[in-house]
Each structure stands twice: as structure tokens, then as C-alpha cells.
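The structure appears below as C-alpha cells.
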Amino acid sequence: MSVTATAFSSSANLGSGFDVLSMAHKAFYDQVTAELKGRSELKVSVVSSNTPQEVEKNSAGYAVKKLLETLGIKAEISLLVKKGIPYGLGLGSSGASASAAVAAVNELLDLSLSLEEQVEFAKLGEIASSGSPHPDNVAASTFGGIVAVTSTSPTRVVRIPNSLHFKLLLIVPEKGGEGKTKKAREMLPSSVSLEKYVVNARYLTSLIVGLAKGDRDLVRSGLNDDVFEVARLPLFPHYKKVKEIALEKDAVGVCVSGAGPSILVLYDERTDVEGIMSSSREICKSFGINCNFVKTELAEGVRVERRD
Ligand SMILES: Nc1ncnc2c1ncn2[C@@H]1O[C@H](COP(=O)(O)OP(=O)(O)O)[C@@H](O)[C@H]1O
Ligand SMILES: N[C@@H](CCOP(=O)(O)O)C(=O)O
């Protein structure tokens with residue numbers, strides 16, 4: 001007996017929404033097949049072509065292990081992780097694997113977990129990849145659309161209503177880095193000034209209200225951050241110039257995708273998106289970075305696809 005689930009890539013943070021906001025997009029997807037091998041013990045195994053196969057080091061395997069332990073389930077589960085999302089690039093790769101793995105096991109064992117309960121376990125998979133159970137990527141890959149994680153204990157996720165028409169452009173460097181998000185999280189300040197807190201709160205409010213109202217100017221003014229992206233700039237030295245040129249060419253908004261180094265551009269019919277791509281290619285080259293460009297759109301949540 002086996003079940004396959006598909007989960008899409010995501011861009012977390014969305015400027016000042018660190019560890020809270022995220023959006024799922026159709027750029028890439030992972031597939032995880034969970035197979036029940038037996039019921040005599042709690043055992044998880046992972047097969048993956050390009051990510052760690054040690055359960056404790058794989059976001060999919062670790063999430064499932066913690067699920068079985070927490071629920072006290074004896075099951076021998078093998079996971080086949082088919083990676084479609086390049087990792088170490090800020091595309092929620094580790095999170096998508098964990099989301100798909102939890103969804104597949106939920107179906108395989110008839111657990112009837114809610115989407116929030118699935119996020120509760122999937123986020124634990126991020127401990128394997130970054131050392132921290134940040135819930136944003138897995139929330140987007142599980143729920144789909146644009147989401148906010150409003151509580152982590154217990155996990156609460158809300159879909160952000162979006163009335164604004166836009167498409168997505170991802171500017172993706174060719175090379176990611178092992179343990180990138182773990183390193184990026186270590187670069188963050190332990191505290192922020194009252195002034196920066198208020199500025200970021202204004203950004204966050206503008207972004208969410210702008211999406212809900214379909215107000216392009218509010219979204220453009222809200223998709224900003226003065227704390228997290230600033231602290232991590234050494235990881236994406238090309239970002240400031242790319243953002244500047246994209247806004248000059250009338251992008252709806254620009255932010256770092258997750259912990260980077262990919263960049264997310266929201267664009268519409270007013271945007272010179274081809275101009276953004278050609279200018280960004282040159283900017284990236286000037287920093288010794290070869291970038292790929294992926295035009296995409298918002299994605300739905302995790303899909304359970306096959307039961308054999
Ligand atoms: N199933 C998985 N998919 C992707 N990366 C994984 C997975 N399991 C563990 N990892 C590890 O997590 C790191 C990539 O995750 P992360 O740094 O969060 O980047 P991103 O999520 O932006 O791809 C790599 O070191 C990779 O080896
Ligand atoms: N909130 C996290 C998001 C990490 O996203 P990823 O796609 O880069 O893994 C963080 O910024 O640390």
C-alpha cells in the first residue's frame with residue numbers, strides 16, 4: 001500500500017513577514033511516495049536522489065518520524081522523495097518535501113489530520129534542514145495560496161484574501177548552498193529597535209491590507225523590510241540593484257524569496273517584465289552570479305494523488 005503526494009515550492013517572509021507569511025507557487029514541486037511496510041515497529045526510511053537519506057537529516061523523514069512518535073503509531077514507513085524543487089535557493093524546497101511526506105502518511109494511515117495539524121508536523125521537518133521549525137514554507141505548501149501563520153502553539157494558519165491581480169517572476173541563482181537557511185537564521189539580530197519594529201509593522205500591514213483590498217500601491221509600499229533582508233544582504237549582494245531596477249520598471253513589488261538568494265517579483269500588465277529580466281541578468285553577471293528566470297503564478301496546496 002502506498003500514497004503519493006505533491007507539494008509546490010514557496011516564497012516565505014514576503015518582506016517583513018518573517019516566519020509568518022508565505023505564498024505557494026507553481027514554479028517547482030516535490031513528490032513524496034509513502035509506503036507502509038509493516039506494523040511491528042516505528043521505523044522510517046528515506047530514499048532520495050539528491051538530499052540526505054538519513055532520516056534525522058531529511059526534512060521529509062524527520063517530519064514523519066516526529067508524527068509517528070507524537071501520535072504513538074507503530075508503522076514501518078518508507079519514503080521516496082522525488083525532488084523537483086532545487087534546494088538552498090529560497091524556494092521552500094525542504095518545506096515542500098515535509099509537507100508532501102506528512103500529507104502522504106496522513107492518507108496512508110487514515111489519520112484524518114487537519115491541514116493545520118499537518119503543518120504542525122511538517123514544520124518539525126525544517127529542524128532537519130535549518131535547525132528551526134519555521135512554519136511558513138510548510139504552511140504555504142500545505143494550504144496553497146498566500147498564508148499567514150498566526151500561531152505556532154497550537155499551529156494556526158489563515159489564508160490571506162487576495163484581490164490583486166499579479167503574476168510572479170522568480171530570479172533564481174544557478175547555485176544554492178548547503179545549510180543556507182540555517183546560516184541565514186544565524187545572521188539575524190537578537191533584537192530590533194522600536195523604530196524598526198514600527199516601520200516593519202507598517203510594511204506588513206500595508207501588504208496584507210493591500211492584498212485584501214486589491215490596492216496595488218499599498219502592496220508595493222508593503223513589500224519591504226528593514227530588518228531581515230538587511231541583515232542577510234551578504235547572502236544576496238545583487239538584490240538591492242535588482243529591486244531598484246524592477247521597481248523602476250513598474251513591478252508591483254519585490255522581495256527576497258524566503259532566506260534567499262532567489263528574488264521574487266510581483267508583476268502585472270503595467271510592468272516591463274522582459275526589461276526586468278534583461279537588466280537583472282546583467283546585474284547578476286556583474287556579481288558573478290548566473291541566474292535563471294521562472295515566470296509562474298500562485299499554486300494550490302498539497303495534493304494527494306495516488307493510492308496503490
Ligand atoms: N527533503 C529535502 N529537500 C531539500 N533540502 C533538504 C531536504 N532534507 C534536508 N535538506 C537539506 O536542507 C538544506 C536546504 O534547505 P534550506 O537551507 O532551508 O533551503 P531551501 O528550503 O530554501 O531550499 C540543504 O542542506 C539540504 O541538504
Ligand atoms: N522564515 C524563513 C524562511 C526560509 O525560507 P527558505 O525557502 O529560504 O527555506 C527564514 O527566512 O529563515
Side-chain angles (χ1 to χ4, degrees), residues 5 7-25 27-34 44-66 79-102 104 122-141 147-149 152 170 172-173 175-189 204 225 227-233 235-236 239 255-264:
F8 287 98
S9 49
S10 65
S11 290
N13 300 340
L14 303 182
S16 54
F18 175 78
D19 279 6
V20 175
L21 299 186
S22 188
M23 68 165 66
H25 35 62
F28 306 93
Y29 61 85
D30 282 1
Q31 279 193 315
V32 177
T33 298
V44 180
S45 59
V46 176
V47 175
S48 171
S49 58
N50 59 348
T51 55
Q53 299 197 123
E54 301 91 326
V55 170
E56 304 286 334
K57 295 181 179 177
N58 192 292
S59 59
Y62 193 67
V64 169
K65 178 173 180 287
K66 297 306 287 183
L79 299 173
L80 173 60
V81 181
K82 292 181 182 175
K83 293 296 298 179
I85 309 171
Y87 65 82
L89 291 167
L91 301 173
S93 184
S94 51
S97 287
S99 299
V102 167
K123 75 182 184 184
L124 299 177
E126 297 282 38
I127 295 171
S129 53
S130 69
S132 166
H134 61 91
D136 39 8
N137 292 103
V138 295
S141 292
V147 298
V149 180
T152 55
L170 286 163
V172 184
K175 290 180 183 173
E178 281 292 331
K180 175 269 305 175
T181 298
K182 180 172 174 48
K183 177 182 174 184
R185 295 182 76 87
E186 291 164 356
M187 296 172 74
L188 297 176
L204 193 55
D225 163 67
V227 177
F228 311 100
E229 292 180 352
V230 172
R232 293 170 163 177
L233 274 176
L235 294 179
F236 24 82
Y239 172 58
C255 65
V256 174
S257 180
S262 296
I263 296 169
L264 176 68

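None of the values given here were measured: they were computed from a predicted structure. Just follow the structure's listing: the first ligand is 1, and inside any ligand the first atom is 1. Computed from heavy atoms alone, side chains included, the values below leave out hydrogens, waters and symmetry copies.
- Numbered from 1 in the order shown, with element, the atoms of ligand 2 that lie under 4.0 Å from a heavy atom of Leu91 read 7 (O).
- Of the protein's non-hydrogen atoms, Glu178 OE1, 3.2 Å is the one closest to atom 27 (O) of ligand 1.
- Ligand-side atoms of ligand 1 in range of Gly90: 22 (O), range being under 4.0 angstrom from any heavy atom.
- The shortest contact between atom 9 (C) of ligand 1 and any protein heavy atom is with Lys57 O, 3.1 Å.
- Closest to atom 8 (O) of ligand 2 among all protein heavy atoms lies Lys180 NZ, 2.5 Å.
- Numbered from 1 in the order shown, with element, the atoms of ligand 1 that lie under 4.0 Å from a heavy atom of Gly179 read 24 (C), 25 (O).
- Residue Asn137 does not touch ligand 1, judged by heavy-atom distances below 4.0 Å.
- In terms of heavy-atom proximity, Pro135 sits nearest to Val149 at CG-CG1, 3.7 Å.
- Under 4.0 angstrom from ligand 1, the non-hydrogen atoms of Leu89 all belong to its backbone.
- In terms of N/O distances under 3.5 Å, ligand 1 is approached by Lys180.
- The ligand atoms of ligand 2 that sit less than 4.0 angstrom from a heavy atom of His134 are 2 (C), 3 (C), 4 (C).
- The single protein non-hydrogen atom nearest to atom 20 (P) of ligand 1 is Gly88 N, 3.6 Å, given as residue, atom name and distance.
- Contacts with ligand 2 closer than 4.0 Å are made by no heavy atom of Phe228, backbone or side chain.
- Residue Ser59 places at least one N or O, backbone or side chain, under 3.5 Å from an N or O of ligand 1.
- At the shortest separation from atom 7 (O) of ligand 2 among protein heavy atoms lies Gly92 N, 2.9 Å.
- Applying the 4.0 Å criterion to heavy atoms of Ser129 picks out, from ligand 1, the atoms 12 (O), 15 (O).
- Ranking protein heavy atoms by distance to atom 18 (O) of ligand 1, first place goes to Thr181 OG1, 3.0 Å.
- Side-chain contact check for Lys83 and Ser48: no donor-acceptor pair (N or O, by modelled atom type) lies under 3.5 Å.
- Protein heavy atom at the shortest distance from atom 9 (O) of ligand 2 is Thr181 OG1, 3.1 Å.
- Residue contact annotation: Ala184 has no non-hydrogen atom under 4.0 Å from ligand 2.
- For Asn13, every heavy-atom contact with ligand 2 shorter than 4.0 Å involves the side chain, none the backbone.
- The shortest contact between atom 15 (O) of ligand 1 and any protein heavy atom is with Ser94 OG, 3.6 Å.
- Set against the non-hydrogen atoms of Ser97, the atoms of ligand 1 under 4.0 Å away are 1 (N), 2 (C), 3 (N).
- Of the polar atoms of Arg232, at least one N or O is found under 3.5 Å from an N or O of ligand 2, judged by distance alone.
- Taking every heavy atom of Pro52 and a limit of under 4.0 angstrom, the matching atoms of ligand 1 come to 9 (C), 27 (O).
- Polar contact check, Asp136 against ligand 2: a nitrogen or oxygen pair lies under 3.5 Å apart.
- Contact record, Ala98 with Val138: CB-CG1, 4.4 Å, taken as the closest heavy-atom pair.
- For Ala259, heavy-atom contacts with ligand 2 shorter than 4.0 Å involve the backbone as well as the side chain.
- Atoms of ligand 2 lying under 4.0 Å from at least one heavy atom of Asp19, given by number and element, are 1 (N), 2 (C).
- Classification of Asp19 and Lys123 as a salt-bridged pair fails, no side-chain N sitting under 4.0 Å from a carboxylate O.
- The single protein non-hydrogen atom nearest to atom 3 (N) of ligand 1 is Lys83 NZ, 2.8 Å, given as residue, atom name and distance.
- Residue contact annotation: Glu126 has no non-hydrogen atom under 4.0 Å from ligand 2.
- The shortest N or O to N or O distance between Gly258 and ligand 2 is not under 3.5 Å.
- A donor-acceptor contact shorter than 3.5 Å is absent between the side chain of Ser10 and the backbone of Ala12.
- The closest side-chain heavy-atom distance from Val55 to Leu79 is not below 4.5 Å.
- From the protein, the heavy atom lying nearest to atom 5 (O) of ligand 2 is Asn137 OD1, 3.0 Å.
- Using a 4.0 Å cut-off to heavy atoms of Asn58, the atoms of ligand 1 that qualify are 1 (N), 8 (N), 9 (C).
- Side-chain contact check for Phe18 versus Val227: every heavy-atom pair is 4.5 Å or farther apart.
- Against a heavy-atom cut-off of under 4.0 Å, Ala12 is close to the following atoms of ligand 2: 3 (C).
- Under the 3.5 Å distance criterion, with hydrogens and angles disregarded, a donor-acceptor pair is assigned to the side chains of Tyr87 and Glu178.
- The heavy-atom pair separating His25 from Ser11 by the smallest distance is NE2-OG, 2.8 Å.
- In summary, the atoms of ligand 1 found under 4.0 Å from a heavy atom of Leu91, numbered by their order in the structure, are 22 (O).
- Looking at ligand 2, you won't find any N or O of Ser10 less than 3.5 Å from one of its N or O atoms.
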